[in-house]
Amino acid sequence: MDNRDTLIEVRNLKKFFTIGDNTLKAVNDISFEIKRGETLGVVGESGCGKSTAGRTLLRLYDATEGDVLFEGKSIMNLNNQEMKAMRRNMQMIFQDPYASLNPRMTVGDIIGEALDIHNLASGQKRKERIQELLSLVSLNPEHMNRFPHEFSGGQRQRIGIARALAVEPKFIVCDEPISALDVSVQAQVVNLLEQLQEKMGLTYMFIAHDLSMVKYISDRVAVMYLGKMVELAESDALYEKPLHPYTQALLSAIPIPDPEIERNRERIVLQGDVPSPMNPPSGCHFRTRCPKAMPECAASVPQWKEIEPGHFAACHLYN
Ligand SMILES: Nc1ncnc2c1ncn2[C@@H]1O[C@H](COP(=O)(O)OP(=O)(O)OP(=O)(O)O)[C@@H](O)[C@H]1O
Ligand SMILES: [Mg+2]
């Protein structure tokens, strides 16, 4: 992993929303990089800022502060035309494959629209390319004149994937791409994403609610809590030796298939709900629910530190 070059570099990225007189710090100073060909999993409870991070990273939202570099070049100050060209490199796949597809457009036009925006093909070439993309995601190319409602949930997600792939991107933010699907089709879509990654050298940021889902697909995993990244490590290291109490709690919620171990394992039950991001606790945002909280956790924000090689965490236990 280490000898792969860096595709995406995120530096002190912030995205704040103004709601009335309040500021909601949806993403509050996160820094990380994603290597070419890598899958970075991003997990955390609802509202912790995963989607906002993904969107700000692609400049679908303007960042409040910070920088995003693609192949070493900042995308933050690109003008409209430069950004349009950049968008070919960076695509997004959404959670709800139905809401993200225009119900009045045929599948061929949905995919073709992506080709049109970037003038990638016209006439017969366009049709062939659409059919090629449908085949690539294991859909019947002859169904290009059908509408989204004529497909199942899993098939609709494949259409969303084909649309993203139409522009031959290098990087795709997959925002909970399987959460809305039946369990039986989730694995198929994950397998498809992995095959496509292999074939096309794609780099993924893969957002999910729970850790069990990203373990299988991710090279490294980042854990978010209330707009902050609290831990980041290679998947194996994160699962075998989670450092942050929040990660430990998330992991302890995953059932273990071995009944003997499952019976005896320790479960950490988090107290209460995630506090409002409008008014997060002082110091470490997690301290109000943390079983290991100490007085200093209220006093100061823990630094983001590399605690073991490649294993980062922000927690006063390690300061
Ligand atoms: N456009 C917006 N305007 C105002 N607030 C927003 C906007 N988008 C997100 N937020 C708020 O920012 C915070 C982070 O939201 P976000 O959708 O990024 O979380 P998430 O981790 O993706 O959650 P989920 O798992 O439910 O998808 C939430 O408090 C949310 O209400
Ligand atoms: Mg989300």
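All ligand and atom numbering here is 1-based and tracks the order in the structure.
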Which residue and heavy atom of the protein sit nearest atom 25 (O) of ligand 1, plus the separation:
K50 NZ, 2.8 Å

E176 heavy atoms within 4.0 Å reach ligand 1 at atoms 25 (O), 27 (O)

Per side-chain hydrogen bond (donor to acceptor under 3.5 Å, both in side chains), R220 is matched among E38, E33, E234 by E38

Does ligand 1 have an atom under 4.0 Å from some heavy atom of C48?
yes

Atom CD of E142: over 12 foreign heavy atoms under 6.0 Å:
no

Which residue owns the protein heavy atom closest to atom 14 (C) of ligand 1, what's the atom, and how far is it?
G47 O, 3.4 Å

Return the minimal non-hydrogen interatomic distance between L57 and M205, and the atom names on each side.
CD2-SD, 3.2 Å

How are the rings of F147 and H149 set to each other: parallel, tilted or perpendicular (split at 30° and 60°)?
parallel

Nearest protein heavy atom with distance in Å, relative to atom 29 (O) of ligand 1:
P277 CG, 3.2 Å

Checking E231 against H311: is there a side-chain donor and acceptor pair closer than 3.5 Å?
yes

Give me the nearest non-hydrogen protein atom to atom 26 (O) of ligand 1 as residue plus atom name, then the distance to 0.1 Å.
S46 OG, 2.4 Å

Under a single-linkage definition using a 4.5 Å side-chain heavy-atom cutoff for Ile, Leu, Val, Met, Phe, Trp and Tyr, are L238 and M229 assigned to the same hydrophobic cluster?
no

Is it the case that R156 places NZ or CZ above or below the six-membered ring of F151, under 6.0 angstrom from the centre and within 45 degrees of the axis?
no

Atoms of ligand 1, numbered as shown, that sit under 4.0 Å from any heavy atom of S51:
17 (O), 18 (O), 20 (P), 22 (O), 27 (O)

With a cut-off of 6.0 Å (strictly less than), are more than 12 heavy atoms of other residues, nucleotides or ligands near CG of N79?
yes

For atom 31 (O) of ligand 1, find the nearest protein heavy atom and state the residue, atom name and distance (0.1 Å precision).
L24 CD1, 4.5 Å

Ligand 1 contact by Q95, heavy-atom criterion under 4.0 angstrom
no

Between the side chains of N145 and T106, is a donor N or O closer than 3.5 angstrom to an acceptor N or O?
no

Nearest non-hydrogen protein atom, atom 18 (O) of ligand 1:
T52 OG1, 2.5 Å

Given the side-chain rings of Y318 and F312, with only the six-membered ring counted for Trp, is the space between their centroids under 6.0 Å?
no

Using a 4.0 Å heavy-atom cut-off, say whether H209 meets ligand 1 through its side chain, its backbone, both or neither.
side chain

What protein atoms of element N, O or S are positioned under 2.8 Å from the Mg ion (ligand 2)?
S51 OG

Are R129 and E132 within salt-bridge range, i.e. N to O under 4.0 Å?
yes

How far is atom 10 (N) of ligand 1 from its nearest protein heavy atom, and which residue and atom name does that atom have?
F17 CE1, 3.6 Å

In the protein, what heavy atom is nearest to atom 19 (O) of ligand 1, and what distance, to one decimal place, separates them?
G49 N, 3.3 Å

Is the CD atom of Q303 crowded by more than 12 outside heavy atoms at less than 6.0 Å?
no

Using a 4.0 Å heavy-atom cut-off, say whether Y61 meets ligand 1 through its side chain, its backbone, both or neither.
side chain

Between K215 and Y239, is NZ or CZ placed under 6.0 angstrom from the six-membered ring centre and within 45° of the ring axis?
yes

